[in-house]
Structures are given as structure tokens and as C-alpha cells.
Amino acid sequence: DRLSDDPDINHRNLLAIVEAMVATHHDNDLFRLLRPSVLGTIFKLVKVGDNDRLVYTYRDPALHVRLSNENTTLIEINLKDPSNENARELAANLAGYHRIVDLVPELVTALQDEGEHVREASYKALSRIGEPALPALVASLRANHNDPVRARQIVWAIIGVGFHSDELSQAVDELFK
């Protein structure tokens, strides 16, 4: 934890230490005790690995890292990262777990991500965020009503939110006109 601030610890050593912690500590509560900056190291591990499903290895430890303003920014950056699907998926998972309402627009955009797992994680994140996600979803539905694939993705996300309103009913009516 404090090693990330130590100038004598090189990048590779820090990655190896966090990787070993993930592999040996199946009780992820340990990650609650670490500085929130460890999330940056977890994102690096997800990005440098050669396994396209590394997100499953690092998701639970990442979910246990305390949220901070810096981590919210880090989650946003990784949610928008076009170069790494695992990072986008992990970021969507974290945005939903922490119910980061400020990231709803990015999650709505991620519903059309090329990666199936990113789309699924974004859908689940929006569902977990709940009612605060509804205005952005309704606006997106209205803007994309001529695109059946996109509209279907948005409708599924709205169903997952599980909250209904008159505005939502109007948007759905417009979709079927």
C-alpha cells in the first residue's frame, strides 16, 4: 500500500506485489485497508495481462478498494479507454458497484461498446444505479429511436433499472409510432 509512494520501488515490483496479493488473499477485504491508489495498479494489471478475461481475477479485489475522487476519475478514464476491453469492463463494474451517478452518460454510451462483456457490465451498472440513470436512458432512447439495435439495448437497460415514469411511457410510445 505505502509502496506505491516509495520512489525506490519500481513499477514492475509493485505490479508483482499486488498480483501476489490477489493470488494469495482470497479474502478481498484486505483491499479495503489499502490506499485507494492501489486501484491504479489493478487497472495496470488488467491491461498488461495476456488473458482476455483477467477482469474476473481482479474484479473482486477492485470492488473492495475504497472509492476516492481520484478513483472516480480513474474509473471514468478506463471506461472511455478504446484500447482495452478488460479495463472498460472493470470500470463499468466499479461504476455500478459504487453507484457513480456522474458516469451514467458514459455507461449509456458503453451500451453500444464493441465488447459484449463491456455492454453487459454497463447494463448491470445502470441497473444498479437505478432511478438516477433513467433521464439519460430516456434521452438516449429518444435520440436513437430510429436505430432498432440501439433502441433495444437502451430499453433493456431501462427494464433493468426497474423504475417507471410518465416520461418513460411517453418515450416508449414514441418508439412504437
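Residue indices begin at 1 and follow the sequence shown. On a predicted model such as this, the values are computed, not experimentally measured, just so you know.
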Checklist outcome for this item: Distance col, row His117:NE2 vs Asn86:CG, nearest 0.5 angstrom, shows 9.0 Å

Checklist entry - Roughly how far apart are Tyr97 OH and Ile129 CD1, rounded to 0.5 Å? => result 14.0 Å

Item to check | Sub-4.5 Å side-chain heavy-atom contact between Gln112 and Arg119 | outcome: no

Checklist entry - Asn71: what forms a side chain to side chain donor-acceptor pair (under 3.5 Å) with it, not counting sequence neighbours? => result none

Checklist outcome for this item: Arg99 meets the side chain to side chain donor-acceptor pair (under 3.5 Å) criterion, sequence neighbours left out, with none

Checklist entry - Distance from Glu85 atom CD to Glu116 atom CD, nearest 0.5 Å? => result 9.0 Å

Checklist outcome for this item: With sequence neighbours left out, the residues meeting side chain to side chain donor-acceptor pair (under 3.5 Å) with Ser83 are Asp81

Checklist entry - Have Ser122 and Arg88 got a donor and an acceptor in their side chains that come within less than 3.5 Å? => result no

Checklist entry - How far apart are the closest heavy atoms of Leu79 and Ala110, and which atoms are they? => result CD1-CB, 4.5 Å

Checklist entry - Is there a path of hydrophobic side-chain contacts, each under 4.5 Å between heavy atoms of I, L, V, M, F, W or Y residues, that connects Trp156 with Val104? => result yes

Item to check | Within-4.5 Å side-chain heavy-atom neighbours: Thr57 and Leu45 | outcome: no

Checklist entry - Side-chain contact, heavy-atom cut-off 4.5 Å: Asn78 with Leu90? => result no

Item to check | For Glu120, all residues meeting salt bridge (Lys or Arg N to Asp or Glu O under 4.0 Å), sequence neighbours excluded | outcome: Lys124

Item to check | Spatial distance of atom CG (Leu107) from atom OG (Ser140) [nearest 0.5 Å] | outcome: 12.0 Å

Checklist entry - Do the non-hydrogen side-chain atoms of Arg150 and Leu111 ever get within less than 4.5 Å of each other? => result yes

Checklist entry - If Ile, Leu, Val, Met, Phe, Trp and Tyr residues are connected whenever their side-chain heavy atoms lie under 4.5 Å apart, and connections chain through other members, are Ile77 and Val65 in the same group? => result no

Checklist entry - Are Leu103 and Val118 connected in the hydrophobic side-chain network, where two residues link if heavy atoms are under 4.5 Å apart? => result no

Checklist entry - Between CG of Leu94 and CD1 of Ile75, what distance do you get to the nearest 0.5 Å? => result 4.5 Å

Next on the checklist: If you define the side chain from C-beta out and look only at heavy atoms, does anything of Leu134 sit under 4.5 Å from Val138?
Outcome noted: yes

Next on the checklist: Whether the side chain of Asn84 engages the backbone of Ala87 through a donor-acceptor N/O pair (distance < 3.5 Å, no angle test) should be reported.
Outcome noted: yes

Item to check | 4.5 Å side-chain heavy-atom contact, Arg128 and Tyr123 | outcome: no

Checklist entry - How about Leu67 and Ile100: do any of their side-chain heavy atoms sit closer than 4.5 Å? => result yes

Checklist entry - Nearest heavy-atom pair of Ala125 and Ala92: which atoms, and what distance? => result CB-O, 3.3 Å

Checklist outcome for this item: d(Thr72 OG1, Glu76 CD) to nearest 0.5 Å is 9.0 Å

Checklist outcome for this item: side-chain contact (heavy atoms from CB on, under 4.5 Å) test vs Ile154 passes for just one of Leu141, Val149, Ile159, namely Leu141

Item to check | Counterpart residues, side chain to side chain donor-acceptor pair (under 3.5 Å), relative to Asn93 (two or more places apart) | outcome: none

Checklist entry - With Arg152, which residues qualify under salt bridge (Lys or Arg N to Asp or Glu O under 4.0 Å), at least two apart? => result none

